[in-house]
Engineer: 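Let me give you the structure first, and then I'll get to my questions.
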Amino acid sequence: MNQRQRKLLLYLLSQKHYQPIQELCGEFGFSEKTIRNDIKAINAYLHMNEVTSRIQTKRGSGVRMHLMEREEEYVRYLLESRVLEIKPDLDRFYHGMILLLFRQEPYTMDTLADELYTNRLQLKEDLLCWESMLRMFHLKITKGTHLHIDGDERQLRLFVLYYFYQRADKAMIMSIEPVFLQEHQSLFRDILRLYEDAYRYRFTVNALHHFSIYLGVMMKRIQMGYSLQEQTPYMGNRRVHTMLQDYFHVDVNGEEMRFLEQLIESGARQWNRSMLHEFVVNEETRQLSARFFALLKQEYHGEPDEELPILFSILLQTAMIRKHHAMRVLHYNDTQVKFDSMAEFLSVMRLFHKDEKLRGLQLYESEYTRLSMLLLPYFHQLDMQVRFRAGMIVNCSLELAYYGRMRISEALPNIDIVRILTEDEIDAAAAEVDFFITFDYLHKQVPIVEISSMIQDSDIQKLQLYLKQLRQQRSALQPISCSMCAHHAADEDALVSYLFQCYQENCKTGTYEEFTAMFPMHRLLLRDCMLVVLYDERFSESFISMIALKKQLYIEGKGIRQVCLAGFVHTSYERLQEQLMQLKECLRKQLAHLLEITRI
């Protein structure tokens, strides 16, 4: 299966009804013949992998994915775990990095290209991509007599843990992990149990899995002669130290053990209720958390759940520990959360930027995403406070009207049914309400939603859709200016300098140091587009700038051709949401592929 066919299959998996062939041609830009040939190839691939589900074709209706019971998740897993077969660039990344980092023999451009079954020109492009990922960990590829990855040994290992999973986690588990785990899994499990017993708490399954991979990476590098430089004698867990040395028959120095324990200390703990009482929050974290929640209540006036500050303190303290140990931890849903919950993320980030002590933390980007996710229920309550006034028209029995008001108020608390009125009173009440609700069709030129007398789930969904349209109409009343231009940037630094100039046009008092500190936290990489969204009361006005790059730049492993810089003036939470709707609509118009963001 190729990448085009994978894309078609993922699309059909997300659709529940027949899709006309012509619509698929328009959606993907393929010919009808290509679509039909791809369907045959996909069905053959599914059959080869013992999947009974098939793409069905029906004359006059189109095609759809006919899924057998409990097979959808397996099909999706199959596509993710076999992605290296479909994406040769990913395959070259994994195997190229393994050759450069975990093989003793040196490689030149030519010998590495031969090993990866590619040519020198393609490898040169690949190296640009790889270097954009290495840069985050202050590593670089040197090209002397042979290729070599230079930089701090600790950061090199963390790079493997981060990007080997970030690029394609299912493929990593299926195809790459055996390189590190081999037959050592039982030993690694025993070691991690000893640490859990010593610390008296349990780690998450993901954390334990990553610790095991790190142990594999650590021992391979030690066996190759790349040990960390020992500074002071080791006084920690002697039992683990002895187990590693006896099993692998190599010297594991004290610095190796200290770094391993720093990594484990930085890991995510398994959640249970006892954490609320047993986790020891230090005084610095307690004060920082108090500062944040004081700002939150001052800004939004909502009272948080009593457990929320405790949970926030736990996440904040572990984030600070990771920053102290320079442990950048992958968050699989970082881009998805930031895009879907952008209003909440920007609101949280603004509070961190606003306070000098909170701003000085400079946590890793993914830590702010974790903290924002924790605060989503708080902001959801604010969202419920964005209310719409409705009038309910009594063109039915009176008891049905009152039943309808109760049913709608329970299902949609942000609708206030402020009046129950007759058809004759509609014109007089039009200025008092945002829209009307009726149980029968009315010949009136007013905003109106017709629902059934039974008020079924479909009626509630109809009202939800109408509220969404009302919000969009509100935001459309004050359109945000959107400029478009093309720019040539030689590298990422040059691009950041240009974006700062655009930022400064709308925020005269902002400094370059301030902008570059905010930049990584507010950046989202969406396929070939980099989105940077800022939220600051110092902006003279809200703006959206679309920038087409004349030369593709690799940033964190993605080839970027377009940049969107957006800035929003500080306003109410409701107004921010409305402005973000405009931004996302602008992106959808300018970037057709953005419709697939939810499937990245």
Side-chain angles (χ1 to χ4, degrees), residues 1-83 85-87 90 168-171 332-333 335-342 456-469 471-472 524 526-529 581 584-600:
M1 185 187 295
N2 60 33
Q3 177 67 355
R4 185 185 67 237
Q5 292 157 357
R6 178 178 183 269
K7 187 177 179 182
L8 175 60
L9 178 53
L10 281 171
Y11 178 80
L12 292 176
L13 281 170
S14 68
Q15 305 298 313
K16 301 303 179 188
H17 305 291
Y18 280 98
Q19 303 298 308
I21 293 284
Q22 289 303 319
E23 286 189 15
L24 292 176
C25 293
E27 175 76 20
F28 294 102
F30 308 154
S31 68
E32 185 173 336
K33 182 179 179 181
T34 299
I35 294 278
R36 293 191 185 280
N37 287 338
D38 282 348
I39 288 170
K40 290 178 184 177
I42 292 168
N43 282 337
Y45 181 83
L46 294 173
H47 175 73
M48 182 178 67
N49 286 280
E50 300 180 353
V51 177
T52 53
S53 301
R54 295 288 183 272
I55 298 176
Q56 292 182 335
T57 304
K58 184 176 181 181
R59 187 182 296 275
S61 297
V63 299
R64 72 168 182 134
M65 187 70 199
H66 179 65
L67 285 163
M68 304 304 289
E69 190 176 359
R70 294 191 294 273
E71 278 200 339
E72 180 176 355
E73 286 304 312
Y74 177 68
V75 173
R76 290 186 183 277
Y77 179 79
L78 192 66
L79 289 173
E80 292 300 323
S81 61
R82 304 281 180 83
V83 72
E85 300 171 8
I86 300 166
K87 293 185 174 181
L90 270 181
D169 57 321
K170 300 292 191 305
Y332 290 104
N333 302 314
T335 298
Q336 186 81 54
V337 171
K338 283 184 181 177
F339 190 82
D340 291 346
S341 305
M342 198 176 291
Q456 299 170 337
D457 289 344
S458 58
D459 296 310
I460 299 300
Q461 290 170 5
K462 191 175 184 179
L463 285 165
Q464 287 175 327
L465 180 62
Y466 188 75
L467 294 187
K468 184 177 179 181
Q469 291 171 349
R471 282 188 169 183
Q472 289 172 338
L524 287 82
L526 312 170
R527 295 186 183 271
D528 65 349
C529 175
M581 284 181 191
K584 291 180 181 181
E585 186 58 31
C586 178
L587 288 169
R588 287 190 179 95
K589 286 178 181 176
Q590 302 299 328
L591 312 170
H593 63 264
L594 210 66
L595 294 171
E596 299 175 20
I597 277 176
T598 56
R599 299 195 289 277
I600 287 178

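One-based numbering along the sequence shown.
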Engineer: Kindly state each residue pair satisfying salt bridge (Lys or Arg N to Asp or Glu O under 4.0 Å) with at least one member in residues 56-67, sequence neighbours excluded.
Structural biologist: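 Every pair satisfying salt bridge (Lys or Arg N to Asp or Glu O under 4.0 Å) with a residue in residues 56-67: there are none.
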Engineer: Roughly how far, to the nearest 0.5 Å, is CG of L12 from NE2 of H66?
Structural biologist: 14.0 Å
Engineer: So how far is it from I42 CD1 to N37 CG, rounded to the nearest 0.5 Å?
Structural biologist: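 Reported value, rounded in 0.5 Å steps: 11.0 Å.
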Engineer: Show the nearest heavy-atom pair for residues Q19 and H17, with the distance to one decimal.
Structural biologist: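 Looks like NE2-O, 3.1 Å.
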Engineer: Are the side chains of V63 and I35 in contact, using a 4.5 Å heavy-atom criterion?
Structural biologist: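 When only atoms from C-beta onward are counted, V63 and I35 do not touch, as no gap falls below 4.5 Å.
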Engineer: Taking all non-hydrogen atoms of both residues into account, name the closest pair between L13 and E72 and its distance.
Structural biologist: O-OE2, 3.8 Å
Engineer: Who passes side chain to side chain contact (heavy atoms under 4.5 Å, CB included) against N43, sequence neighbours left out?
Structural biologist: I39, L46, R54, I55
Engineer: Enumerate the salt bridge (Lys or Arg N to Asp or Glu O under 4.0 Å) contacts for residues 33-47, please, sequence neighbours excluded, ordered by first and then second residue.
Structural biologist: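 For residues 33-47, and leaving out neighbouring residues, the salt bridge (Lys or Arg N to Asp or Glu O under 4.0 Å) pairs sorted by first residue read R4-D38, E32-R36.
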Engineer: Taking all heavy atoms of Y18 and all of S61, pick out the closest pair and write down the distance.
Structural biologist: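 Looking at all heavy atoms of both residues, the shortest contact is CB-O, 3.6 Å.
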Engineer: Who pairs with D169 by side chain to side chain donor-acceptor pair (under 3.5 Å), at least two apart in sequence or on another chain?
Structural biologist: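 For D169, no residue satisfies side chain to side chain donor-acceptor pair (under 3.5 Å) once neighbours in sequence are set aside.
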Engineer: Just to verify, what does T34 make a side chain to side chain donor-acceptor pair (under 3.5 Å) with, not counting sequence neighbours?
Structural biologist: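 Residues passing side chain to side chain donor-acceptor pair (under 3.5 Å) with T34: S31.
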Engineer: For T52, what residues pass the side chain to side chain donor-acceptor pair (under 3.5 Å) criterion, not counting sequence neighbours?
Structural biologist: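 Listed in chain order: E71.
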Engineer: Enter the distance from L78:CG to N49:CG here, rounded to the nearest 0.5 Å.
Structural biologist: 4.5 Å
Engineer: Hey, what do you get for NZ (K7) to CE (M1), rounding to the nearest 0.5 Å?
Structural biologist: 14.5 Å
Engineer: Just how far is it from atom CG of N2 to atom CD of Q5, taken to the nearest 0.5 Å?
Structural biologist: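 With rounding to 0.5 Å, CG (N2) is 3.5 Å from CD (Q5).
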Engineer: What I'd like to find out is whether the side chain of Q15 reaches to under 4.5 Å of the side chain of M65, using heavy atoms alone.
Structural biologist: no
Engineer: How far does OG of S14 sit from CG of L10, to the nearest 0.5 angstrom?
Structural biologist: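 Reported value, rounded in 0.5 Å steps: 8.0 Å.
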Engineer: Under the 3.5 angstrom rule, does the side chain of S53 hit a backbone N or O of M68 as a donor-acceptor pair?
Structural biologist: yes
